[in-house]
Amino acid sequence: MADAYDVAVIGAGPAGYPTAIRAAQNGLTVVCIDAWKNHDGSAALGGTCLNAGCIPSKALLESTELVHRAQTEFAAHGIRAQGVTVDLAVMQKRRASIVRTMTGGIAALFKAAGVTAVYGRARLLPGRRIEVVANDGARSELSARHVVLASGSVPTELPSLRFDHERICDSWDALEFDAVPPRLCVIGAGVIGLELGSVWRRLGSQVVVLEALDNFLAIADQQLAAEAARHFKKQGLDIRLGAKVSGTRVAGGAVNVDYTDRKGAQCVAVDKVIVAAGRRPYAADLLAPGSGVTLDERGFISVDADCRASAENIWAVGDCVRGPMLAHKGKEEGIAVADRIAGAYAHVNYDVIPSVIYTAPEIAWVGRTEEQLKAAGVQYKSGVFPFAASGRARAMEAAVGFVKMLAARDTDTILGVHIIGPMAGELIAEATLAMEFQASAEDLQRTIHAHPTLAEAIHEAALATDKRAIDNINR
Ligand code: FAD
Ligand code: NAD
């Protein structure tokens, strides 16, 4: 008789592991099966985010930002730091150690919550039975009343740029380089391209970023994008827009990346290429014939608004379903599904999902952009407050960027908040909370913000929506 559980979760990334923990908190018996294998062959929980995404990238962004600040900001503080050098091996050891601690933490959380962890590849058979091939090759079968698919995503491979993981690399390879490539080409000026481009640029690489679209950071508010482009240019990121990559040629140890732009055929010769042209949902070998689960035309597992897949008591969450590919989106979907399975009320507000790009300056937003409001014909008012007028930002030698708040002209409800500047990724939490509670700009105007803090910029941007900013000239 196969082991029978209340809930089986396939995938222990940031969508799967919170599902498993919440289901166990709800008093259900839970198994979570995960197939992740590190480059050294070891198994680890945490999925892309902890092993090859959010956490290792932020570790390297933090380390390299310190290098950059030592080189560019310390002098202004009167700190002489000539001769700052980087020991990449130590930096990478720190990154790996943070990842190990965090992934080990999930194993401990599972143990404490009573979740059974299985290290192996799962395949959904008809009737909510699951075939598991463990990492040691052993085959077994289990069954569950509910199955939650959280199989995540993988990097998109371009036909003209096949990964060889040596010269043509994916984002995971790029987090583990053991030497600084003198010349680097990043394909895609999206979130990964900007974050990893920044890491290696700060460590000394000449970085060319090729972006197919004509406008920079098309997903962001374009006032924010324009400010960001200015800073990246100053930092030496050579971002080339409207660049359509046609192929690569490896010659004499270099990779020649051929592309066309509005000036015609171009070529850039580099030592390594990072392809960061998006990610695609991953469901390879996940679904046996007769499982009843269908995929949409883009390969995402089809789900309804509550993450129910097309077969009874089968659910799917995270990167393998529609919506932004963000760890916190998957986490909330997983928690909601675990609560729904337990018969409780659950809610995911897809309109209020914050986005953060962890570059310097940081970029963060929640809600709608000015372009989206214009396209939808929504009447809005805008308040902008520059960090140049923030005492705390000045004290931090980080007085760049701004907070921009968009609020409905009639009801004053906050419709979007867009931040570029110091700690934008932390500051956006206040705006997210305000929007989740459907706050008005006046609500934030009347909320006391400690002085001197960066958060005062949000207070002032709220005041600026009514041209009542105190610390900046109202225009
Ligand atoms: P994943 O994290 O991909 O986890 C899926 C898991 O399922 C994996 O362990 C996989 O091995 C396992 N699996 C798949 N199929 C099977 C199977 N058949 N049997 C068993 N196990 C299986 N997002 C953010 O919000 N913030 C960030 O700062 C951020 N930074 C990123 C940086 C990089 C470089 C990258 C690549 C991504 C980043 N992301 C970030 C995106 C984030 O990593 C994903 O949105 C998130 O990991 C998705 O979570 P998930 O659980 O859906 O999938
Ligand atoms: P992305 O969608 O953010 O950016 C991909 C970029 O590549 C786009 O600008 C696209 O126009 C461009 N592109 C696509 N094909 C191209 C081609 N052939 N030539 C040149 N440019 C091309 O995707 P990503 O940066 O790969 O990130 C994948 C996912 O991971 C995203 O959904 C993102 O949300 C998530 N992620 C999030 C964070 C974060 O939250 N800080 C960090 C990293 C990744």
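Positions are given from 1 along the sequence. Atoms within each ligand, like the ligands themselves, are counted from 1 in listed order.
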Any idea which of Gly11, Ala150, Gly318 brings a heavy atom closest to atom 5 (C) of ligand 1?
-> Ala150
Of all the atoms in ligand 2, which lie at a distance below 4.0 Å from a heavy atom belonging to Gly278?
-> 5 (C), 23 (O), 24 (P), 26 (O)
Ranked by distance from atom 37 (C) of ligand 1, the top protein heavy atom is Gly53 CA, 4.0 Å
Under 4.0 Å from a heavy atom of Tyr358: give me the atoms of ligand 2 that qualify, with their elements.
-> 41 (N)
Where is the nearest protein heavy atom to atom 51 (O) of ligand 1: which residue, which atom, and how far?
-> Ala15 N, 2.9 Å
Atom 2 (O) of ligand 1 [closest protein heavy-atom partner, distance rounded to 0.1 Å] | Thr48 N, 2.9 Å
Counting from 1 in the order shown, the ligand 2 atoms closer than 4.0 Å to a non-hydrogen atom of Val356 are 39 (C), 40 (O), 41 (N)
Heavy atom of Ala276, distance to ligand 2 below 4.0 Å | yes
Got a sec: does the CG of Asp304 have more than 12 other heavy atoms crowding it under 6.0 Å?
-> yes
Would you check whether Lys37 reaches within less than 4.0 Å of ligand 1, judged by its heavy atoms?
-> no
Identity and separation of the nearest protein heavy atom to atom 25 (O) of ligand 1 = Ala327 N, 2.9 Å
Nearest protein heavy atom to atom 12 (C) of ligand 1, by residue and atom, and its distance?
-> Asp34 OD2, 3.5 Å
Do Asp221 and Thr369 meet the criterion of a side-chain donor-acceptor pair at a distance under 3.5 Å?
-> no
Contact check: Glu211 vs ligand 2, nitrogen or oxygen atoms, below 3.5 angstrom = yes
Give the residue and atom name of whichever protein heavy atom lies nearest to atom 39 (N) of ligand 1, and the separation in Å to one decimal.
-> Cys54 SG, 3.7 Å
Atom 19 (N) of ligand 1 [closest protein heavy-atom partner, distance rounded to 0.1 Å] = Ala122 N, 2.9 Å
Ignoring hydrogens and angles, state whether a donor on the side chain of His39 or Glu176 is under 3.5 Å from an acceptor on the partner side chain.
-> yes
Atom 32 (O) of ligand 2 sits nearest the protein heavy atom Met325 CB, 3.5 Å
If we ignore angles and hydrogens, is there a donor and acceptor under 3.5 Å between the side chains of Tyr5 and Arg128?
-> no
Would you check if the distance from the ring center of Trp172 to the ring center of His165 is below 6.0 Å?
-> no
Trp172 heavy atom under 4.0 Å from ligand 1 | no
Using only heavy-atom distances, determine whether the side chains of Ser246 and Asp258 contain a donor-acceptor pair under 3.5 Å.
-> no
Ligand 1 versus Ile10, non-hydrogen atoms closer than 4.0 Å: side chain, backbone, both, neither?
-> side chain
Taking only heavy atoms of Leu213, which atoms of ligand 2 are found under 4.0 Å from at least one of them?
-> 11 (O)
Is the count of non-hydrogen atoms from other residues, nucleotides or ligands lying under 6.0 Å from Lys329 atom NZ greater than 12?
-> yes
Any idea which protein heavy atom is nearest atom 36 (C) of ligand 1, and the distance to it?
-> Arg279 NH1, 3.4 Å
Return yes when Lys58 approaches ligand 1 closer than 4.0 angstrom through a heavy atom, no otherwise.
-> yes
Could I get the full list of side chain to side chain donor-acceptor pair (under 3.5 Å) partners for Asp271, not counting sequence neighbours?
-> Arg183
Subset of ligand 2 atoms that lie under 4.0 Å from at least one heavy atom of Gly188 | 6 (C), 7 (O), 12 (C), 21 (N)
Enumerate the atoms of ligand 1 whose separation from the nearest heavy atom of Tyr282 is less than 4.0 angstrom.
-> 14 (C), 15 (N)
Does Phe177 have any ring-ring contact (aromatic ring centres under 6.0 Å, His included) partners at least two apart in sequence or in another chain, and if so, which?
-> Trp200
Does ligand 1 have an atom that lies less than 4.0 angstrom from a heavy atom of Gly120?
-> yes
Identify the protein heavy atom lying closest to atom 15 (N) of ligand 2, giving its residue, its atom name and the separation to 0.1 Å.
-> Ala277 CB, 3.5 Å
Is ligand 1 less than 4.0 angstrom away from at least one heavy atom of Ala52?
-> yes
Of all the atoms in ligand 1, which lie at a distance below 4.0 Å from a heavy atom belonging to Ser151?
-> 5 (C), 7 (O), 14 (C), 15 (N)
Give the contacting part of Ile192 toward ligand 1: side chain, backbone, both or neither, where contact means a heavy-atom distance below 4.0 Å.
-> side chain
Can you list the ligand 2 atoms lying under 4.0 Å from a non-hydrogen atom of Leu326?
-> 34 (O), 37 (C), 40 (O)
Numbering the atoms of ligand 1 from 1, which are under 4.0 Å from a heavy atom of Met325?
-> 41 (C), 45 (O)
Go through the side-chain N and O atoms of Ser310 and Thr294 and say whether any donor and acceptor fall under 3.5 Å apart.
-> yes
Can you list the ligand 2 atoms lying under 4.0 Å from a non-hydrogen atom of Leu158?
-> 18 (N)
Atom indices of ligand 2, in the order listed, that fall short of 4.0 Å to a heavy atom of Leu210 | 20 (C), 21 (N)
With a 4.0 Å cut-off on heavy atoms, is Pro14 touching ligand 1?
-> yes
So the atoms of ligand 1 within less than 4.0 Å of a heavy atom of Cys49 turn out to be 2 (O), 43 (O), 47 (O)
